[in-house]
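Note on naming: letters A, B, ... go to the chains in the order of the sequence lines (proteins, then strands), and numbering restarts at 1 for each one. Keep in mind it's a predicted model, so treat the numbers as computed, not measured.
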2 protein chains.
Amino acid sequence: MATSKNPPFLNSVPELLILQCLKDRQMYGYELVQAIRSATHDHIVLAEGVVYPVLHMLEREGALSTERRTVNGRSRIYYALTDRGTARLADLASVWRRLTAAIAGVLGEPSHA
Amino acid sequence: MATSKNPPFLNSVPELLILQCLKDRQMYGYELVQAIRSATHDHIVLAEGVVYPVLHMLEREGALSTERRTVNGRSRIYYALTDRGTARLADLASVWRRLTAAIAGVLGEPSHA
DNA sequence: TTGCCATACCTTTCGCCGCTAGGTATACGA
DNA sequence: TCGTATACCTAGCGGCGAAAGGTATGGCAA
């Protein structure tokens with residue numbers, strides 16, 4: 001009942017992954033691409049064209065705060081979760097778990113519940 | 001290595017669910033909508049506007065065979081998996097499991113592996 | 001010193017997939 | 001006879017990710 005509609009279907013997975021990574025520590029865009037790539041053993045490779053727009057959108061909505069730093073003569077923009085971002089992460093993760101559990105059920109897997 | 005690219009991101013979940021349902025027994029479109037709805041306890045509700053086009057596409061590609069039957073004065077189109085459809089189901093399910101496992105890893109869940 | 005690769009940021013364009021919102025027709029119960 | 005459930009269908013829109021490109025600096029090798 002509480003769940004009004006299907007979230008347009010399983011979208012915003014990139015957003016979920018990015019938020020989750022930033023929960024552990026602040027990171028910059030280029031770093032996120034590689035972190036996700038290596039964390040998933042190359043199973044998920046987010047192109048930069050996906051990551052940067054998401055970061056900008058999240059910043060616009062107040063889910064992320066930014067800090068410009070120069071390291072080794074290179075300028076980086078570090079992103080960190082705000083309270084709002086933490087809440088958003090919790091929301092997305094919850095929806096994600098609910099949907100995957102539902103699908104696992106159809107696929108005939110126990111889904112460890 | 002075998003996995004060339006990200007499948008456009010987590011698309012074709014409706015297709016996966018439909019194929020999986022048809023693996024157990026043949027069903028008709030209207031029935032599929034409700035079967036998925038109830039199997040997922042209303043967490044996933046595929047509109048008919050999603051289901052029918054997928055069925056037509058799968059039939060066009062030889063993944064489903066059809067049989068028209070009249071029950072209680074109502075005309076129904078029953079769909080059944082072909083060999084090709086079974087293979088397609090196996091493919092989609094495998095991709096699905098790989099991706100969800102990867103995401104579960106990022107989310108810090110054991111994902112029962 | 002020149003050129004290439006890695007780093008680090010960014011945007012525009014395109015295509016697809018699912019969603020919305022309709023539409024048709026029959027059966028059945030109030 | 002009128003509404004609701006059954007059962008099928010389609011056209012059009014929108015959003016999100018993918019592809020493809022563009023800028024700039026640093027470092028290394030030829």
By side-chain hydrogen bond (donor to acceptor under 3.5 Å, both in side chains) - contacts of B/Arg76 (at least two apart): B/Tyr28, B/Tyr78

Quick one: A/Leu32 CG to C/dT7 C1', roughly how many Å, whole number? 15 Å

Roughly, in whole Å, what's the span from CZ in A/Arg69 to P in C/dT7? 18 Å

List the protein contact pattern of nucleotides 2-12 of chain D with one symbol per nucleotide (5' to 3'): B for base contact, S for sugar-phosphate-only contact, - for none; contact means a heavy-atom distance under 4.0 Å. ---BBBBBB--

Write down the distance between CD1 (B/Ile103) and P (D/dG17), rounded to a whole number of angstrom. 11 Å

Let me know the distance between CG of A/Leu16 and C1' of D/dG17, rounded to the nearest Å. 15 Å

Whole angstrom value for the distance that separates C1' of D/dC16 from CG of A/Leu58: 14 Å

Is any side-chain heavy atom of A/Leu17 closer than 4.5 Å to a side-chain heavy atom of B/Ile103? yes

Going by the rule side-chain contact (heavy atoms from CB on, under 4.5 Å), which residues pair with B/Ile77 if we only count those two or more places apart in sequence or in a different chain? B/Thr66, B/Arg68, B/Tyr79

Given atom CG of B/Leu17 and atom P of C/dC17, what is their separation to the nearest angstrom? 16 Å

Those residues at least two apart in sequence (or on a different chain) that pass side-chain contact (heavy atoms from CB on, under 4.5 Å) with B/Arg25 are B/Met27, B/Glu31

Distance check needed: C/dC19 C1' versus B/Leu46 CG, whole Å only. 11 Å

For residues 52-62 of chain A, please give each side-chain donor-acceptor pair under 3.5 Å, one per line with the distance, not counting sequence neighbours.
from	atom 1	to	atom 2	distance (Å)
A/Tyr52	OH	A/Tyr30	N	3.3
A/His56	ND1	A/Tyr52	O	3.3

Under the side-chain contact (heavy atoms from CB on, under 4.5 Å) rule, collect the residues that match up with A/Ser65, sequence neighbours excluded. A/Ala80, A/Thr82

